[in-house]
**Q** 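This is the structure I have questions about; it appears just below.
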Amino acid sequence: MTRFFSVFLISIILFNCSSPKREVAEEQEVEMEVANPTTDQLMEQVMALHDAVMPEMGNIRSTEKALRTMAETASDEAARSTYTQQADMLDSAFSAMMVWMRQFDPEYAGTDEEIKGYLTDQKEQMAQVKDLMETALADGKALVEKAQ
């Protein structure tokens, strides 16, 4: 019985330990998913980009409003221009998100390759919108904080 128990424990340990071949195979599988993602994975990536910045829409509008107020009350033209330009950048970022959301079709139909192409394009567009939103918001907040 002790021998059986020892063999049983050793087999469990050996079975649960990853072999180098298994780890390499798993790494290759992950690399393949990155290189050739499924439509579901692409949709998840697009939506992850969207979901990362969507909660900031309110902050964008409030920062824009603060900058417009600052521009109205600024005593010199250079400050007024700086505040207005940054407010315009925030407005552009907000608009870019709204335009993307209106044109995005989560039910896009076509062949698997057409859908992958569409989602890849949407992922690139959303990444650009995300970058624009994050940059405009960070710069806008910094300008508001600096003025206070």
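Here the structure is a predicted model, which means the values were calculated and not measured.
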**Q** Can you hop from V99 to I60 via hydrophobic side chains spaced under 4.5 Å?
**A**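 No, it is not one cluster - the side chains of V99 and I60 are not joined through contacts under 4.5 Å.
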**Q** Between atom CD of E72 and atom CG of L67, what is the distance when rounded to the nearest 0.5 Å?
**A**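 These two atoms lie 11.5 Å from each other.
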**Q** Yes or no on side chain to side chain contact (heavy atoms under 4.5 Å, CB included) for M57 and M133, after CA distance, side-chain angles and deciding distance?
**A** CA-CA 9 Å; M57 295 291 278; M133 288 177 66; 3.5 Å; yes
**Q** Which residue pairs pass the ring-ring contact (aromatic ring centres under 6.0 Å, His included) test when at least one of the two sits in residues 73-98, sequence neighbours left out?
**A**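 Applying ring-ring contact (aromatic ring centres under 6.0 Å, His included) to every pair that reaches into residues 73-98, excluding sequence neighbours, yields nothing.
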**Q** Any chance you could measure D105, atom CG, to I115, atom CD1, to the nearest 0.5 Å?
**A**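 D105 atom CG to I115 atom CD1 measures 10.0 Å (nearest 0.5 Å).
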**Q** Mark yes or no for whether S62, through its side chain, and N59, through its backbone, hold a donor-acceptor pair below 3.5 Å.
**A**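 Answer holds: yes.
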**Q** Who pairs with D88 by salt bridge (Lys or Arg N to Asp or Glu O under 4.0 Å), at least two apart in sequence or on another chain?
**A**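 Partners of D88 under the salt bridge (Lys or Arg N to Asp or Glu O under 4.0 Å) test: R68.
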**Q** What heavy-atom pair brings K130 and A52 nearest, and what distance separates the two atoms?
**A**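 Here K130 and A52 meet closest at CE-CB, 3.8 Å.
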**Q** In chain order, what residues pass the side-chain hydrogen bond (donor to acceptor under 3.5 Å, both in side chains) check against R61, with sequence neighbours excluded?
**A**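 side-chain hydrogen bond (donor to acceptor under 3.5 Å, both in side chains) check on R61 returns E64, D91.
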**Q** Tell me, do E56 and M97 make a side-chain contact under 4.5 Å, heavy atoms counted?
**A**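 No - every pair of side-chain heavy atoms lies 4.5 Å or more apart.
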**Q** Before you tell me yes or no, could you show the steps for M126 and M47 under side chain to side chain contact (heavy atoms under 4.5 Å, CB included), namely the whole-Å CA-CA distance, both residues' side-chain angles and the distance that decides it to 0.1 Å?
**A** CA-CA 9 Å; M126 191 61 238; M47 295 314 297; over 6 Å; no
**Q** How is the hydrophobic cluster of M89 composed, in terms of its other members, when Ile, Leu, Val, Met, Phe, Trp and Tyr link through side-chain heavy atoms under 4.5 Å apart, directly or indirectly?
**A**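 Under the 4.5 Å side-chain rule, M89 groups with L132.
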**Q** To the nearest 0.5 Å, what is the distance between CD on Q128 and CG on L49?
**A**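 One gets 11.0 Å once the value is rounded to the nearest 0.5 Å.
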**Q** Which ring-ring contact (aromatic ring centres under 6.0 Å, His included) pairs, counting each pair once, include a residue from residues 114-148, with sequence neighbours left out?
**A**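 Pairs touching residues 114-148 that pass the test: Y108-Y118.
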**Q** CD of Q125 to NZ of K123: how many Å apart, nearest 0.5 Å?
**A**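 Output value for this atom pair is 13.5 Å.
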**Q** Taking M54 as the starting point, is it possible to reach L137 by hopping between hydrophobic residues whose side chains are less than 4.5 Å apart?
**A**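 Hydrophobic grouping puts L137 with M54.
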**Q** Please confirm whether the backbone N or O of D131 pairs with a side-chain atom of T135, one donor and one acceptor, at under 3.5 Å?
**A**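 Side chain of T135 to backbone of D131: a pair is present.
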**Q** Please name the pair of heavy atoms, one in D51 and one in P55, separated by the smallest distance, quoted to 0.1 Å.
**A**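 The pair with the smallest heavy-atom distance is O-CD, 3.2 Å.
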**Q** Verify, without hydrogens or angle tests, whether E114 (side chain) and A109 (backbone) share a donor-acceptor contact under 3.5 angstrom.
**A**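 Not confirmed, E114 side chain does not pair with A109 backbone.
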**Q** Under a 4.5 Å cut-off applied to non-hydrogen side-chain atoms, are L119 and Q45 in contact?
**A**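 L119 vs Q45: side chains apart.
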**Q** How many angstroms lie between OG1 in T39 and CG in D112, if you round to the nearest 0.5 Å?
**A**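 Nearest 0.5 Å value for the OG1-CG distance: 5.5 Å.
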**Q** Show, in sequence, the C-alpha distance, side-chain angles and deciding distance for W100 and H50, and conclude whether the side chain to side chain contact (heavy atoms under 4.5 Å, CB included) test is met.
**A** CA-CA 10 Å; W100 181 85; H50 168 272; 3.6 Å; yes
**Q** What pairs of donor and acceptor atoms, side-chain ones from residues 140-148 against any protein atom, are under 3.5 angstrom apart with sequence neighbours left out?
**A**
none

